[in-house]
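Have a look at the structure below before the remarks.
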Amino acid sequence: VQLVESGGGLVQAGGSLKLSCAASGYVTFSNSVMGWFRRAPGKEREFVAAISWTGHTTFYGDSVKGRFSISRDNAKATVYLQMDSLKPEDTAVYYCAGRGYQHDISRYEWADKYTYWGQGTQVTVSS
């Protein structure tokens with residue numbers, strides 16, 4: 001399985017970015033929960049968002065609720081993270097992650113529950 005993130009970059013505060021995560025070799029993608037996490041310098045890895053295999057159910061970390069939106073296209077084996085109203089504190093490396101077990105949405109905010117990880121994409125928000 002390979003997960004490849006793209007779409008990161010430098011943006012001013014208040015701006016927007018859309019991250020993409022393209023999966024390959026992930027035969028159970030359309031039956032698996034997908035998530036986004038981030039790690040800022042000197043901080044712990046933080047849950048950002050997760051989405052059910054159908055895309056009908058989404059979850060968000062408290063710090064991004066109302067500003068970020070996760071979606072997926074199972075036909076393209078791709079997950080997206082639309083980030084609006086960006087703040088300097090959103091600066092981090094963002095990682096896409098996928099579950100190894102199908103139809104398992106328990107503890108979606110726990111990084112340890114995800115089997116597959118991308119290499120990360122840097123998002124920098126300037127003030």
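Heavy atoms only: backbone and side chains are in, while hydrogens, waters and symmetry mates are out. As the structure is a prediction and not an experimental result, all values here were calculated from the model.
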Least distance between heavy atoms, Arg38 atom then Ala92 atom: CB-CB, 3.9 Å
Both conditions, 6.0 Å and 45 degrees, for the charged tip of Arg39 above the ring of Trp117: are they met here? no
Ignoring hydrogens, what is the shortest heavy-atom contact between Ala22 and Thr78? Give both atom names and the distance. CA-OG1, 4.0 Å
Considering only heavy atoms from C-beta outward, does the side chain of Met83 approach that of Val11 to under 4.5 Å? no
Are Asp112 and Arg107 close enough for a salt bridge, meaning some N to O gap below 4.0 Å? no
Between the CD1 atom in Ile70 and the OG1 atom in Thr57, the distance rounded to the nearest 0.5 Å is 11.5 Å
Qualifying residue, where the test is ring-ring contact (aromatic ring centres under 6.0 Å, His included) with Phe37 and the options are Trp110, Tyr94, Tyr114: Tyr114
Verdict with reasoning, Val33 to Trp53, per side-chain contact (heavy atoms from CB on, under 4.5 Å): CA-CA 5 Å; Val33 168; Trp53 49 94; 3.8 Å; yes
Is the Lys NZ or Arg CZ of Arg72 less than 6.0 Å from the centre of Phe29's six-membered ring, within 45° of the axis? yes
With no hydrogens and no angle check, is any side-chain donor or acceptor of Gln82 less than 3.5 Å from a backbone partner on Lys18? no
I'd like to know whether Thr28 forms a side-chain contact (heavy atoms from CB on, under 4.5 Å) with Tyr101, so could you lay out the CA-CA distance, the side-chain angles of the two residues, the decisive distance to 0.1 Å, and finally the verdict. CA-CA 8 Å; Thr28 59; Tyr101 289 100; over 6 Å; no
At their closest point, which heavy atom of Ala13 faces which heavy atom of Pro88, and how far apart are they? CB-CD, 4.1 Å
Could you tell me if the side chain of Tyr116 sits less than 4.5 Å from the side chain of Ser32, heavy atoms only? no
Verify ring-ring contact (aromatic ring centres under 6.0 Å, His included) between Phe47 and Phe59, making sure each step is shown before the conclusion. CA-CA 10 Å; Phe47 167 73; Phe59 307 92; 7.8 Å; no
Quick one: pull up OH in Tyr60 and CG in Leu81 and give me the separation to the nearest 0.5 Å. 8.0 Å
Enter the distance from Asp104:CG to Asn31:CG here, rounded to the nearest 0.5 Å. 12.0 Å
On a heavy-atom basis, the closest approach of Leu3 and Gln119 is O-OE1, 3.5 Å
So do Gln122 and Leu10 actually touch side chain to side chain, heavy atoms under 4.5 Å? no
Which residue, Ser20, Cys21, Cys96, forms the side chain to side chain contact (heavy atoms under 4.5 Å, CB included) with Ser6? Ser20
Could you tell me whether Lys65 and Asp62 have a side-chain N and a carboxylate O separated by less than 4.0 Å? yes
Arg67 side, atom CZ; Leu86 side, atom CG - distance, nearest 0.5 Å: 6.5 Å
The single option from Tyr80, Trp36, Tyr95 that satisfies side chain to side chain contact (heavy atoms under 4.5 Å, CB included) with Leu19 is Trp36
Here the gap from Lys113 atom NZ to Ile105 atom CD1, rounded to the nearest 0.5 Å, amounts to 11.5 Å
Within one Ile-Leu-Val-Met-Phe-Trp-Tyr cluster: Phe68 and Val79, side-chain cutoff 4.5 Å: yes
Hey, what do you get for OG (Ser127) to NZ (Lys87), rounding to the nearest 0.5 Å? 14.0 Å
Would you confirm whether Thr91, through its side chain, and Val125, through its main-chain N or O, come within 3.5 Å as a donor-acceptor pair? yes
